[in-house]
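One structure is given below, encoded as structure tokens.
Numbered from 1 within each chain, the chains take letters A, B, ... in sequence-line order. Basis for what follows: all heavy atoms, side chains included, without hydrogens, waters or symmetry-related copies.
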Number of protein chains: 2
Amino acid sequence: MRAGPHISQIATLVGDPARANMLSALMDGRALTATELAYLAGVTPQTASSHLSKLAEAELLSQAKQGRHRYYRLASPLVGQMLESIMAVAETGPARYRPHWKGGEALRAARTCYDHLAGRLAVGIADALVAHGHIVLADDGGEVTAAGQMHLADLGIDIGAIAARQRRAFCRPCLDWSERRPHLAGAVGAALCARAFELGWIERIKDSRAVSVTRAGSHGFAQAFGLQPLY
Amino acid sequence: MRAGPHISQIATLVGDPARANMLSALMDGRALTATELAYLAGVTPQTASSHLSKLAEAELLSQAKQGRHRYYRLASPLVGQMLESIMAVAETGPARYRPHWKGGEALRAARTCYDHLAGRLAVGIADALVAHGHIVLADDGGEVTAAGQMHLADLGIDIGAIAARQRRAFCRPCLDWSERRPHLAGAVGAALCARAFELGWIERIKDSRAVSVTRAGSHGFAQAFGLQPLY
DNA sequence: CCAATACTTCGACCTCGCTCGAAGCATTCG
DNA sequence: CGAATGCTTCGAGCGAGGTCGAAGTATTGG
């Protein structure tokens with residue numbers, strides 16, 4: 001039973017509040033500079049630098065030098081999945097372990113997860129697509145049906161073009177930490193998310209992974225997926 | 001971006017080597033006494049007691065008093081999933097973060113995960129069942145086909161009886177940390193595991209979640225699922 | 001080339017929490 | 001009841017590591 005040392009090293013890295021804030025901030029897949037991360041974590045640049053080099057050395061983060069900036073991002077989706085699973089446990093814990101969290105409601109409603117959507121909105125979309133037979137989600141993959149392909153084409157998403165140039169997982173489920181049910185990830189999830197930004201259906205909320213659904217988006221999602229309009 | 005404090009509290013608990021060893025030891029779903037956990041973690045009973053009360057307070061573990069013993073087990077499968085996902089990250093990290101791990105190979109080959117099987121053996125079984133159309137695995141569940149029901153009956157597993165008395169997830173996939181592919185969990189996975197022990201196909205390796213495939217098991221698994229025999 | 005910006009390294013401080021010895025309950029057993 | 005076992009509480013020691021000021025190294029821009 002000697003797995004402990006392995007996982008404790010990783011967990012220790014996530015266990016510091018400053019580092020945990022940095023990792024949370026990076027969960028949407030964007031790359032941020034060391035100074036931005038220092039500010040978000042609430043520590044000085046010196047301290048942030050020390051934290052970031054530890055995270056990079058353990059390969060939880062990857063770094064890219066660009067001019068005088070140094071950009072950090074999560075090293076792999078596996079790291080994001082780990083963070084999501086820790087959040088899932090934190091959510092269920094006793095109240096004193098999860099003090100009120102401003103902005104938490106916005107995150108639960110709709111947010112980005114790497115390049116695709118998550119939260120109630122995303123789970124609703126995935127449910128609708130499955131219910132109408134537009135997609136099939138299996139545990140290690142999934143596919144878009146002919147009907148689904150036409151439906152998505154109506155929204156301006158060309159499934160054929162995506163499939164052609166993609167090596168990555170095409171269409172796969174991703175467990176949503178706030179809803180505990182799967183939403184749509186993979187190339188199709190990313191395309192859907194990108195298209196929603198393009199159509200002005202959703203907008204990023206400053207300094208957060210949360211997104212807000214615009215008035216146009218409310219109608220758009222309602223019409224496209226039969227979700228309850230908000231306005 | 002204030003999720004940091006939440007996850008850091010949980011991660012800090014896992015970040016101590018002694019606690020991580022205890023949690024690892026409990027990952028097979030068994031309940032162990034405080035003294036056993038103290039020994040496995042390599043600390044004195046006093047120290048273990050302090051660790052265990054912290055883990056219980058955070059609801060990572062649940063405790064049950066029985067006579068003068070106190071039994072601890074993982075509070076929920078969510079905790080186990082979190083530990084698995086941390087292991088998955090630890091596995092991919094740089095070599096200095098994963099020193100040689102005696103018994104690791106045995107764990108990768110075959111082990112228990114709560115009440116079902118995991119590791120190469122389990123992934124092979126799940127693959128075979130899916131390939132032969134005996135089960136269907138979807139992201140949030142799955143089912144046993146008529147052919148699968150007959151096939152499992154041949155092994156002495158009565159799917160009908162299981163389905164009748166089960167409220168829990170009947171048949172669902174579970175991500176394998178060592179193989180990074182799904183294996184079979186839920187009531188069907190548990191029944192398969194129990195039957196394999198019953199038939200003497202597998203045996204527990206002392207003080208470990210790993211199991212060894214017996215000579216009989218090698219033939220049994222080969223015949224039942226078309227896996228490569230080991231002997 | 002000098003100033004400004006972005007980031008890192010060094011060093012010192014200081015707190016947090018892991019650790020175990022000793023002592024104290026609770027339960028069981030002879 | 002008294003001894004043994006299982007576990008917890010208390011208290012003190014001590015080391016690891018987070019923190020920031022000061023100084024040092026890149027890179028950019030005027």
Side-chain angles (χ1 to χ4, degrees), chain A residues 2 4-26 30-58 60-73 96-97 99, chain B residues 2 4-26 30-58 60-73 96-97 99:
Chain A
R2 293 261 73 81
H6 295 62
I7 72 175
S8 72
Q9 295 197 38
I10 301 295
T12 296
L13 289 171
V14 185
D16 177 79
R19 285 192 294 255
N21 274 324
M22 292 173 172
L23 290 167
S24 303
L26 292 167
R30 283 180 301 183
L32 298 176
T33 66
T35 308
E36 285 170 324
L37 288 166
Y39 168 75
L40 289 170
V43 293
T44 59
Q46 306 92 291
T47 303
S49 177
S50 150
H51 287 314
L52 288 168
S53 49
K54 282 174 192 170
L55 291 170
E57 198 195 6
L60 265 60
L61 298 184
S62 62
Q63 47 186 326
K65 233 173 130 177
Q66 206 170 103
R68 52 184 165 180
H69 294 283
R70 187 159 292 191
Y71 283 92
Y72 289 89
R73 63 169 68 243
R96 82 182 138 294
Y97 274 79
Chain B
R2 294 263 71 83
H6 294 63
I7 70 174
S8 72
Q9 294 197 37
I10 301 295
T12 295
L13 288 170
V14 185
D16 177 80
R19 285 193 295 256
N21 273 325
M22 293 173 172
L23 290 167
S24 304
L26 292 167
R30 282 180 302 183
L32 299 176
T33 66
T35 308
E36 285 170 325
L37 287 166
Y39 169 76
L40 288 170
V43 293
T44 60
Q46 308 91 292
T47 304
S49 177
S50 150
H51 287 314
L52 289 168
S53 49
K54 283 175 194 172
L55 291 170
E57 198 195 5
L60 265 58
L61 298 183
S62 62
Q63 47 185 326
K65 235 174 129 175
Q66 205 168 104
R68 53 183 165 182
H69 295 282
R70 187 159 293 192
Y71 284 91
Y72 289 89
R73 63 168 67 242
R96 85 181 135 289
Y97 274 79

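Phosphate proximity of D/dT27 to A/R70: absent, as no side-chain N or O sits under 4.0 Å from OP1 or OP2.
Considering only the side chain of B/R19, C/dC18 comes nearest among C/dA6, C/dC18, C/dT8.
In this structure, the separation between CD on A/Q63 and CD on A/E57 is 10.5 Å, given to the nearest 0.5 Å. Taking CD from A/E36 and OH from A/Y71, the interatomic distance works out to 6.5 Å, rounded to the nearest 0.5 Å. Going from atom CG of B/L52 over to atom CZ of B/R70 covers 10.0 Å, rounded to the nearest 0.5 Å. The line from CG of A/L61 to CG of A/L37 is 8.0 Å long, rounded to the nearest 0.5 Å.
Counting only distance, with no hydrogens or angles, the side chain of B/R19 and the backbone of B/T12 share a donor-acceptor pair below 3.5 Å. Of the possible polar contacts, one joining the B/S53 side chain to the B/S49 backbone as a donor-acceptor pair under 3.5 Å is found.
Among the heavy atoms of the strands lying under 4.0 Å from B/T33 are primed sugar atoms or P, OP1, OP2 only; no base atom is included. In this structure, A/Y71 reaches neither bases nor backbone, as no heavy-atom distance under 4.0 Å exists between it and the strands shown.
Rounding to whole angstrom units, NE2 of residue A/H69 and C1' of D/dT25 are separated by 17 Å. Taking atom CD of A/E57 as the reference point, atom P of C/dT8 lies 14 Å away to the nearest angstrom. Distance CG (B/L55) to P (C/dG17): 14 Å, rounded to an integer number of Å. For A/Y39 and C/dA6, the OH to C1' distance is 18 Å, given to the nearest whole Å. As rounded to whole Å, 14 Å separates atom C1' of D/dT5 from atom CD of B/E36.
Side-chain atoms of B/V14 and A/V14, non-hydrogen and from C-beta on, never get closer than 4.5 Å to each other.
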Take A/L23 and A/L13 through the side chain to side chain contact (heavy atoms under 4.5 Å, CB included) test and state the conclusion after the steps. CA-CA 10 Å; A/L23 290 167; A/L13 289 171; over 6 Å; no

Checking side chain to side chain contact (heavy atoms under 4.5 Å, CB included) for the pair B/L40/B/N21: CA distance, chi angles, key distance, verdict? CA-CA 7 Å; B/L40 288 170; B/N21 273 325; 5.8 Å; no

Heavy-atom contacts, protein to nucleotides 11-16 of chain C, under 4.0 Å, summarised as B (base), S (sugar-phosphate only) or - (none) per nt, yield ------

At under 4.0 Å between heavy atoms, how does the protein contact nucleotides 19-26 of chain C? Give one character per nucleotide, 5' to 3', with B, S or -. SBBB----

